[in-house]
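Worksheet: the structure to be examined is printed underneath.
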Amino acid sequence: MCGLVGLVGRGDVAADIYDALTVLQHRGQDAAGIMTCLDGRFHQRKSEGLVRDVFRQQHMQRLKGPIGIGHVRYPTAGSSGPALAQPFYVNSPYGIALAHNGNLTNSEQLTREIFQDDLRHLNTDSDSEVLLNVFAHELQTLGKLSPGPDDMFAAVTAVHRRCRGGYAAVAMIVDHGVVAFRDPLGIRPLVVGCRQTAAGDEYMVASESVALDVLGFRLIDDLAPGEAVFIDREGQLHRRQCAENPRLLPCIFEHVYFARPDSMMDGISVYKTRMRQGEALAQKIRRLRPEHDIDVVIPIPDTSRTAAQSMAHELGIKFREGFMKNRYIGRTFIMPGQSQRRKSVRQKLNPVPLEFEGKNVMLVDDSIVRGTTCREIIQMARDAGAQKVYFASAAPPVRYPNVYGIDMPSARELIAHDRTVEEVCELIGADWLVYQDLEDLIRCSREGNRKASGFDCSVFDGNYVTGDVDRDYLDRLDALRNDDAQNRARAKTLADGAVVGLHNDAT
């Protein structure tokens, strides 16, 4: 999962892109990058780390230009490292930079085609570089010295024909403008907004609407599945549907965990969706244990807070903040390695003993993936004096890996894979475990937009909506994503050292 920003303004845009990326920081903490364009030249700064650490004053001063794109990265497979920081760049045709959120499920096939048929070189194993080169090749085959909107849309149409998976992308073409597009199933999110200034309208595309809100942009619309927008250098917005059979099947895990609660996605309020998730959990608790003995509902900060508040209200039980969060520790779901995740939980959360002592506590989290975090937190609750510790997940059991841009581990590292609810409950050390039902989760999201054809729920039901994911693909993914493989990849990255040219300070 990554965060994207593209902006065509009336003055230098780097500062606005920086601000937008800080709002999207929750979507990726591995690396960040900004690239701008002025008078036919790209200026860039990208590196590993958080936005606030990657960009210093001297970097921002050099990022000149009224056109720019930005990216925060969260690795989805293989290694992380400076070579994989985005945006990526190719000099032909025109000079194109691209940032990408998602995952191409046919990247191996495309890599062969790019080398054998398109005669293009790839410098990394990132599918984002694959997507950039596919787009660049399709634009180049048109043979235009000065491409217009029709040419941009023709290239995106060809991209949709060749690429499979979940993807949203924003590309900057030297002295021409910004192109953004979304996969034909709308799995990964992308929105466009407008801001009026004395000099004229400015346009921004971003992964979430909150990036528009903080900068004073008015949300125009979500990009439809398969749709592309082109904002030319004069600041004119062009839109076109570029896919043959688009359907809206957005990733439901955005609503559960990844998106900020104040975002709107495909007309769906993430905040209201999470409220409905809490209500549905409360109703299930009433069905299963009408005479329950829960004394207090406590969220595991931060993404579960809305669902926990709604659950407590529906049950008529006290809601309390029982864990205080150190906000300078990253999201444990994103962190590599079991030992690092386990250590970070204790550093990240500290219990308030008064809220636990002698009480039957219902802890609420957005989901349970590996089980490492919730097992540590349940023990923390017991150590703080809880009499009984119950646990509720706002999402159903996560039993399958994600292939569309979320780095969920291999199936064998998912605690619910091939296990019953009772077995998971015993493993995490809870006195009772309640999962959301998948039908209820879908209903909670669909109430926000009944025009949605459905949702990508593959991590829960194993149904991969692109129809091209089989056992061989999942086995190859397992070899890349399990903790041992990622530890080896990180060690190799450190041994190889930094790649020349990736830390240039926008010169």
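Sequential numbering from 1 along the given sequence is applied to the chain's residues. Computation of the quantities below employed the complete heavy-atom set of this structure, encompassing side-chain atoms and omitting hydrogens, waters and symmetry-equivalent molecules.
One N or O on the side chain of Asn106 and one on the backbone of Arg164 form a donor-acceptor pair closer than 3.5 Å. Gln86 places a side-chain N or O within 3.5 Å of a backbone atom of His100 that can act as its donor or acceptor partner. Looking at Lys46, its side chain does come within 3.5 Å of a backbone N or O of Ala85 through a donor-acceptor pair. Looking only at distances, no side-chain donor or acceptor of Gln196 sits under 3.5 Å from a matching main-chain atom of Asp201. Checking side-chain atoms of Glu138 against main-chain N and O of Thr141 turns up no donor-acceptor pair under 3.5 Å. With hydrogens and angles ignored, the 3.5 Å screen pairs a side-chain donor or acceptor of Gln241 with a backbone N or O of Ala243. The main-chain N or O of Gly405 is found under 3.5 Å from a side-chain atom of Asn402 such that the two form a donor-acceptor pair. Side-chain N or O atoms of Asp53 include none that pairs as donor or acceptor with a backbone N or O of Gly49 at under 3.5 Å. For the pair Ser209 (side chain) and Met264 (backbone), a donor-acceptor distance under 3.5 Å is present. Using modelled atom types, one side-chain atom of Thr36 and one backbone atom of Lys64 make a donor-acceptor pair closer than 3.5 Å.
Using the six-membered ring where Trp is involved, Phe42 and Tyr89 have ring planes that are perpendicular, over 60° apart on the 30 and 60° scheme.
Met1 is listed as a side-chain neighbour of Glu254, based on a closest heavy-atom distance under 4.5 Å. Using a 4.5 Å cut-off on side-chain heavy atoms (C-beta onward), Val191 and Leu223 make no contact. With a 4.5 Å cut-off on side-chain heavy atoms, Glu108 and Arg476 count as touching. No side-chain heavy atom of Pro184 sits less than 4.5 Å from a side-chain heavy atom of Asn245. Val130 places a side-chain heavy atom less than 4.5 Å from the side chain of Ile114. Between Gln277 and Val256, some side-chain heavy-atom pair lies under the 4.5 Å cut-off. Side-chain contact check for Ile67 versus Met172: some heavy-atom pair is nearer than 4.5 Å. Considering only heavy atoms from C-beta on, Asp30 stays 4.5 Å or farther from Tyr74 through its side chain.
Note that OG of Ser367 is 10.5 Å distant from CG of Leu441, once rounded to the nearest 0.5 Å. In this structure, CG on Asn101 lies 13.0 Å from OH on Tyr167, to the nearest 0.5 angstrom. Expressed to the nearest 0.5 Å, how far CG of Leu185 lies from NE2 of His160 amounts to 10.5 Å. In this structure, the separation between SG on Cys251 and CG on Asp456 is 5.5 Å, given to the nearest 0.5 Å. Rounding to the nearest 0.5 angstrom, the gap separating the NE2 atom in His71 from the CZ atom in Phe88 is 8.5 Å. Leu132 contributes atom CG, which lies 11.5 Å from atom CG of Asp127 (distance to the nearest 0.5 angstrom).
With salt bridges taken as basic N to acidic carboxylate O contacts below 4.0 Å, one links Arg471 and Asp475. A salt bridge links Arg195 with Asp16: the closest approach of a Lys/Arg side-chain nitrogen to an acidic carboxylate oxygen falls below 4.0 angstrom. A salt bridge links Arg162 to Asp118: at least one charged side-chain nitrogen sits closer than 4.0 Å to a carboxylate oxygen. Using a cut-off of 4.0 Å between Lys/Arg side-chain N and Asp/Glu carboxylate O, Asp183 and Arg188 are scored as not salt-bridged. Remark: Asp222 does not engage Arg182 in a salt bridge, criterion side-chain N to carboxylate O under 4.0 Å. Between Asp262 and Arg260 there is a salt bridge, since at least one side-chain N of the basic residue sits less than 4.0 Å from a carboxylate O of the acidic one. One finds no salt bridge joining Asp366 and Arg274 here, because no Lys/Arg side-chain nitrogen approaches an Asp/Glu carboxylate oxygen to under 4.0 Å. With respect to the salt-bridge test (charged N to carboxylate O, under 4.0 angstrom), the residues Arg27 and Glu208 qualify.
Within 6.0 Å of the CD atom in Glu234, the count of heavy atoms belonging to other residues, nucleotides or ligands exceeds 12. Other residues, nucleotides and ligands contribute only 12 or fewer heavy atoms inside 6.0 Å of the CG atom of Asp39.
Under 3.5 Å, the side chains of Gln61 and Arg56 contain no donor-acceptor pair of N or O atoms. A donor-acceptor contact under 3.5 angstrom links the side chains of Thr105 and Asp468, judged on distance only. Counting only N and O atoms by type, the side chains of Glu113 and Gln109 include a donor and acceptor under 3.5 Å apart. Tyr271 and Ser263 share no donor-acceptor pair across their side chains, judged by distance under 3.5 Å alone. Between the side chains of Asp478 and Ser410, at least one donor-acceptor pair of N or O atoms lies under 3.5 Å. The closest side-chain donor-acceptor pair between Thr273 and His255, if any, does not fall under 3.5 angstrom.
What you find for Cys374 and Ile368 is that their closest heavy atoms are SG-CG2, 3.7 Å. In plain terms, the two heavy atoms of Gly65 and Asp12 that are nearest each other are N-OD1, 3.0 Å. Across all their heavy atoms, Gly70 and Leu21 have their closest contact at C-CD2, 3.8 Å. Closest approach of Ala259 and Val270 over heavy atoms only: CB-CG2, 4.0 Å. Nearest approach of Cys2 to Ser207, heavy atoms of both residues: O-OG, 3.9 Å. Across every non-hydrogen atom of Ser458 and Asn463, the tightest pair is CB-O, 3.4 Å.
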Pair Thr466, Tyr404 - check side chain to side chain donor-acceptor pair (under 3.5 Å), show working. CA-CA 9 Å; Thr466 52; Tyr404 301 126; 2.6 Å; yes
Going through the distances and angles, do Arg62 and Gln44 end up as a side chain to side chain donor-acceptor pair (under 3.5 Å)? CA-CA 8 Å; Arg62 297 171 185 169; Gln44 76 162 352; over 6 Å; no
Start with the C-alpha gap between Tyr18 and His59, add the side-chain angles, then the distance that decides, and say whether side chain to side chain donor-acceptor pair (under 3.5 Å) holds. CA-CA 11 Å; Tyr18 174 95; His59 307 134; over 6 Å; no
Can Arg10 and Glu202 be said to form a salt bridge (Lys or Arg N to Asp or Glu O under 4.0 Å), step by step? CA-CA 7 Å; Arg10 302 294 172 171; Glu202 299 178 322; 5.8 Å; no
Steps toward salt bridge (Lys or Arg N to Asp or Glu O under 4.0 Å) verdict (Asp461, Arg399): CA-CA 7 Å; Asp461 61 11; Arg399 303 188 188 277; over 6 Å; no
Go through Arg233 and Asp175 one step at a time and tell me if the salt bridge (Lys or Arg N to Asp or Glu O under 4.0 Å) criterion holds. CA-CA 7 Å; Arg233 61 184 177 184; Asp175 284 343; 5.1 Å; no
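Aromatic rings from Tyr94 and His176 are positioned such that their centres are separated by under 6.0 Å.
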